[in-house]
Amino acid sequence: AGWFRRLLHKPKSSSVESSLNASRSSSSSPSSSSAESSGSSPSTSLARSIHPSPVSVSDINASGSARWAKSYDVCICHSEVDLELVEELVSYLEGQPESFRCFLQLRDAAPGSAVVTELCDAVQNSHCWVMLITPGFLRDPWCKYQMHQALAEAPMANGRTIPVLKDVDRKDYPRELRSLYYIYMALKENSFRQIRDTIMRCEYAVGCRHGVDAVG
C-alpha cells in the first residue's frame with residue numbers, strides 16, 4: 001500500500017511541477033515579447049523620427065537619401081515684382097553647404113510650356129514650397145493658384161509649406177494659410193537663415209518618413 005501511494009504521489013508532483021513551469025513560462029513570455037517588441041516596434045521607430053538627432057549636411061546629401069526622389073528641394077512661389085529679392089534668396093540657398101536645388105519660375109520653367117503645367121510640375125517635383133507673401137503676391141492670381149496647388153499636394157502641411165510675410169499686415173495673411181506658422185521677414189539675413197533651417201528640417205523629415213515607410 002505504501003509503495004502504491006508513493007507511485008501515485010510521484011506523477012502528481014511532476015504534474016504540479018510541470019503546471020507551475022507552464023505558468024511561469026506563460027507569465028514571463030509576454031514581458032520578454034514586449035521587451036523585444038519595444039526595441040523594434042514601428043511606434044518606437046516613429047518616436048525616434050519625431051525626436052531626431054541634429055540634422056547634418058551628410059544626412060541631407062547622402063546618395064541614398066529620399067531627397068533625390070524629387071527634382072527640387074524647394075519651390076519659391078513669388079510675384080514678379082519681388083524677383084530681385086527672390087533671386088537673392090535663391091543665391092543664398094544654392095550657395096549653402098547643402099547646395100539646395102531651387103525652382104525659380106523665370107529661370108527654370110521650360111520655354112513653350114503652359115504656365116499651369118509648369119506651376120503644377122514645380123509643386124509636385126519639390127519637397128517643400130516657400131510662399132513669399134507680399135502685396136504683389138496677394139494681387140497675383142498665379143501666386144494664389146500655386147499656393148492652392150501646394151496646399152492640395154500636402155493638405156496636412158507637415159512643414160512643407162513655408163509662408164514668409166513681407167510688408168503685409170497680419171490681417172491680410174491669406175485665410176488658406178491661417179493654420180500655419182509663418183516667418184516674418186524683417187532683417188533679411190535672419191529671415192534667409194530661418195528659411196534655410198526650415199528647409200533643412202523638411203528635408204530631414206522627408207528622410208524619416210521615407211525610412212518609416214520602408215520599414216513598414
Side-chain angles (χ1 to χ4, degrees), residues 55 60 67 70-206:
V55 184
I60 298 298
R67 174 188 185 184
K70 292 184 180 290
S71 302
Y72 300 98
D73 298 306
V74 57
C75 172
I76 313 291
C77 180
H78 66 95
S79 170
E80 287 189 26
V81 298
D82 301 311
L83 179 60
E84 183 177 346
L85 175 61
V86 171
E87 286 178 334
E88 289 185 55
L89 173 60
V90 168
S91 178
Y92 172 83
L93 293 174
E94 293 181 342
Q96 295 301 302
E98 301 80 20
S99 300
F100 289 116
R101 300 163 300 158
C102 301
F103 178 86
L104 184 59
Q105 183 181 349
L106 294 180
R107 180 191 69 182
D108 299 316
S113 295
V115 175
V116 172
T117 301
E118 287 297 313
L119 294 182
C120 291
D121 286 348
V123 168
Q124 293 173 358
N125 291 315
S126 300
H127 285 300
C128 59
W129 315 287
V130 170
M131 304 286 163
L132 182 59
I133 303 171
T134 64
F137 181 101
L138 297 176
R139 292 191 300 265
D140 191 331
W142 286 117
C143 288
K144 291 185 178 180
Y145 177 82
Q146 197 169 25
M147 176 183 71
H148 289 141
Q149 290 300 312
L151 293 173
E153 184 74 14
M156 299 306 291
N158 293 323
R160 297 181 64 185
T161 302
I162 308 170
V164 180
L165 268 65
K166 185 178 186 300
D167 301 328
V168 171
D169 291 336
R170 186 172 181 178
K171 64 181 178 60
D172 296 322
Y173 185 46
R175 291 184 178 275
E176 298 90 333
L177 302 176
R178 294 279 171 93
S179 62
L180 305 178
Y181 287 111
Y182 57 80
I183 296 171
Y184 189 83
M185 185 176 288
L187 294 175
K188 187 166 54 179
E189 292 182 3
N190 291 345
S191 300
F192 282 10
R193 192 179 305 112
Q194 279 185 282
I195 293 169
R196 171 193 174 271
D197 292 344
T198 306
I199 295 171
M200 285 279 284
R201 287 195 294 270
C202 174
E203 292 283 10
Y204 189 84
V206 166

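Residues passing the ring pair (Phe, Tyr, Trp, His ring centres under 6.0 Å) test with Phe137, sequence neighbours excluded: none. Listed by chain and number, the residues in a ring pair (Phe, Tyr, Trp, His ring centres under 6.0 Å) with Tyr173 are Tyr182 (sequence neighbours excluded). A search for side chain to side chain contact (heavy atoms under 4.5 Å, CB included) contacts involving Ala114 returns Thr117, not counting sequence neighbours. In terms of the side chain to side chain donor-acceptor pair (under 3.5 Å) criterion, residue partners of Asn190 (sequence neighbours excluded) are, by chain and number, Arg193.
Counting only residues at least two apart or in different chains, salt bridge (Lys or Arg N to Asp or Glu O under 4.0 Å) contacts with residues 113-142 are absent.
Atom SG of Cys75 and atom NZ of Lys70 lie 11.5 Å apart (nearest 0.5 Å). Remark: Thr161 OG1 to Tyr181 OH distance equals 16.0 Å, nearest 0.5 Å. Summarising the geometry, atom CD1 belonging to Ile76 is positioned 8.5 Å from atom CG belonging to Leu132; distances are rounded to the nearest 0.5 Å. Rounded to the nearest 0.5 Å, atoms NZ (Lys166) and CD1 (Ile133) are 13.5 Å apart.
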Could you list the donor-acceptor pairs under 3.5 angstrom formed by side chains in residues 144-151, with sequence neighbours left out?
residue: Lys144; atom: NZ; partner: Leu138; partner atom: O; Å: 3.3
residue: His148; atom: ND1; partner: Lys144; partner atom: O; Å: 3.2
residue: His148; atom: NE2; partner: Glu176; partner atom: OE2; Å: 2.9

Kindly list each side-chain donor-acceptor pair under 3.5 angstrom involving residues 78-97, sequence neighbours excluded, with atom names and distances?
residue: Ser79; atom: OG; partner: Val81; partner atom: N; Å: 3.4
residue: Asp82; atom: OD2; partner: Thr134; partner atom: OG1; Å: 2.4
residue: Glu88; atom: OE1; partner: Lys188; partner atom: NZ; Å: 2.7
residue: Glu88; atom: OE2; partner: Lys188; partner atom: NZ; Å: 3.4
residue: Glu94; atom: OE1; partner: Arg107; partner atom: NH1; Å: 3.3
residue: Glu94; atom: OE2; partner: Arg107; partner atom: NH1; Å: 3.2
residue: Glu94; atom: OE2; partner: Arg107; partner atom: NH2; Å: 2.9
residue: Gln96; atom: OE1; partner: Arg196; partner atom: NE; Å: 3.1
residue: Gln96; atom: NE2; partner: Tyr92; partner atom: O; Å: 3.1

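A pairwise comparison of heavy atoms in Cys102 and Asp108 identifies O-OD2, 3.2 Å as the closest pair. Between Ser126 and Ala122, the shortest heavy-atom distance links the atoms OG-O, 2.6 Å. Annotation for Arg178 and Arg170: closest pair NH2-O, 4.4 Å, computed over non-hydrogen atoms.
Checked by atom type and distance alone, the side chain of Trp129 pairs as donor or acceptor with a backbone atom of Val123 at under 3.5 Å. In terms of modelled atom types and a separation under 3.5 Å, the side chain of Arg101 and the main chain of Ser71 share a donor-acceptor contact. Put simply, the side chain of His127 gets close to the backbone of Arg67: a donor and an acceptor are under 3.5 Å apart.
Looking at heavy atoms from C-beta onward, Cys128 lies out of side-chain contact with Asp73 at the 4.5 angstrom threshold. The side-chain heavy atoms of Ser191 and Val164, taken from C-beta on, include no pair separated by under 4.5 Å.
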